[in-house]
Amino acid sequence: MKEQSSVIDSTRPVLSTRAGLWWGLLGVAAFSFTLPFTRIAIGGLSPLFIGSGRAVVAALLAGIALAATRQSPPTKAQWGRLAVVAGGVVIGFPLLTSFAMTATPASHGAVVIGLLPAATAVAVVLRTRERPARSFWVFAILGAVAAVVFAALQNGGLGSLTGADLLLFGAVAAAAIGYAEGGLLARELGSWQTVSWALIVAAPLMTVLTVASAVQQPPTATPVQWLAFAYLAAVSMFLGFFAWYRGLAIGPMAQVSQIQLVQPVMSIAWAALLLHEPIGWATAVGGLAVIACAALAVRTRLIDRRRTNRSSTEEKES
């Protein structure tokens, strides 16, 4: 990673930080449909076909985009890092969540997915030089707790861990690693180029899995289920990452990642509208708590960054 990377650049204008937040929010909005649409697609498609097939379709779109714009191939070192991104967000997260959705409602899936912002922040800190203020971590942890409690109340409580819960925990870990590494690569390769190359890396494996799943359990989906699959392939697996990695690239990544705290709120709202899953007053209160914690975490990081920039400027002037 180049030393002039914005990971350690403290002179970026506040406008860039706000732009990162807006791009991140757009990506989260796109991702918030993933669990409900996966539940819809599961009705006529196997979880293995959904998890792998969506990556194959997205890889075709990525190949067309890369060829049309004549993108230069990544370096040898970048190919290795792209493999990490592919393992996390192209292979791990889609497959694990697809299998989890066969045994649990979309709203319950949001319980564990609510941990993703905190997990991503940890991955960012371990991978980069970003060091959020202590108050940032307090609000981030509170936000993660609020997200879990909110989704748990909506679903009647977590109870004992099930196989689906373990799959979702694995999906969170995989996505957090992929998000952190992908955010760094987006600063070097570009946002849409990063996810596109990651899809190309995973394409051979995912193609084999798609063919095997289609042979083992031929698709019997309705038009609505195919439309849900199309969204998962074109948006959740491809276009959504354009915005998400763009936001992470602008950064700060640990801060932008907290926008994901609103994803459980959105996901359960879509589950209610599309799947008719019930939402009570506890869900509304929990949703407000999640959004409030996300806002406090983001604002704390903004203030901390401004103070750091101001102090650096004063030291240079003196």
Side-chain angles (χ1 to χ4, degrees), residues 1-2 5 7 23 27 30-31 34 38 47-99 116 119-120 123-124 126-128 167 170-214 229-249 253 257:
M1 184 175 61
K2 298 179 181 179
S5 167
V7 173
W23 278 111
F31 296 148
T34 300
T38 300
L48 182 58
F49 183 90
I50 294 171
S52 58
R54 65 195 253 194
V56 173
V57 175
L60 291 174
L61 298 176
I64 294 172
L66 291 170
T69 56
R70 298 181 180 181
Q71 296 294 315
S72 300
T75 64
K76 183 181 295 186
Q78 288 171 336
W79 278 118
R81 295 166 62 192
L82 282 167
V84 174
V85 178
V89 302
V90 180
I91 300 173
F93 187 84
L95 286 175
L96 292 171
T97 53
S98 293
F99 278 100
L116 187 51
T120 302
V124 167
L126 293 176
R127 182 63 181 83
T128 73
L167 290 173
V172 167
I177 295 171
Y179 284 166
E181 193 63 48
L184 286 175
L185 274 173
R187 291 170 174 171
E188 303 172 19
L189 299 174
S191 55
W192 71 268
Q193 294 92 332
T194 296
V195 66
S196 295
W197 288 117
L199 286 164
I200 297 299
V201 168
L205 172 61
M206 303 307 267
T207 300
V208 171
L209 292 177
T210 301
V211 173
S213 64
F229 175 81
Y231 182 94
L232 294 173
V235 181
S236 296
M237 197 77 262
F238 190 54
L239 296 177
F241 280 100
F242 283 35
W244 179 240
Y245 277 149
R246 175 63 175 165
L248 289 178
M253 285 197 293
S257 70

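Every value quoted in this text rests on a predicted model; they were computed, and no experiment measured them.
How far CG of L48 is from CZ of F99: 5.0 Å, rounded to the nearest 0.5 Å. Between the CH2 atom in W244 and the OH atom in Y179 there is a gap of 6.5 Å [rounded to 0.5 Å]. Atoms CZ and NZ, on R81 and K76 in that order, are 15.5 Å from each other to the nearest 0.5 Å. The distance from atom CE of M237 to atom OH of Y231, rounded to the nearest 0.5 Å, is 12.5 Å. The line from CD of Q78 to CG of L189 is 4.5 Å long, rounded to the nearest 0.5 Å.
The backbone N or O of W79 lies less than 3.5 Å from no partner atom in the side chain of W197, so there is not a single donor-acceptor pair.
Taking both residues in full, the closest heavy atoms of T194 and L82 are given as O-CD2, 3.5 Å, listed atom of the first, atom of the second, then distance. Smallest separation of non-hydrogen atoms from W192 and T69: CH2-OG1, 3.2 Å. The shortest non-hydrogen separation linking A174 to F93 is CB-N, 4.2 Å. Taking all atoms of both residues into account, the shortest heavy-atom contact from A119 to V172 is CB-CG1, 3.8 Å. Residue A176 comes nearest to L116 through the heavy atom pair N-CD1, 3.7 Å, listed as atom of the first residue, atom of the second, then distance. Nearest heavy-atom pair, P204 versus I200, reported as atom, atom and distance to 0.1 Å: CD-O, 3.6 Å.
With sequence neighbours excluded, the residues satisfying side-chain contact (heavy atoms from CB on, under 4.5 Å) with A233 are R54, V57.
The aromatic rings of Y245 and F241 sit tilted relative to each other, their planes meeting at an angle between 30° and 60°.
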Open item on the list: Working note: S196 + F238, criterion side chain to side chain contact (heavy atoms under 4.5 Å, CB included); need CA distance, chi angles, decisive distance, verdict.
Closed with: CA-CA 7 Å; S196 295; F238 190 54; 3.4 Å; yes
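Paired with V85 under the rule side chain to side chain contact (heavy atoms under 4.5 Å, CB included), one option of I91, I177, V90, L185 passes, and it is L185.
Residue W23 places its CH2 atom among 12 or fewer non-hydrogen atoms of other residues, nucleotides or ligands, all under 6.0 Å distant.
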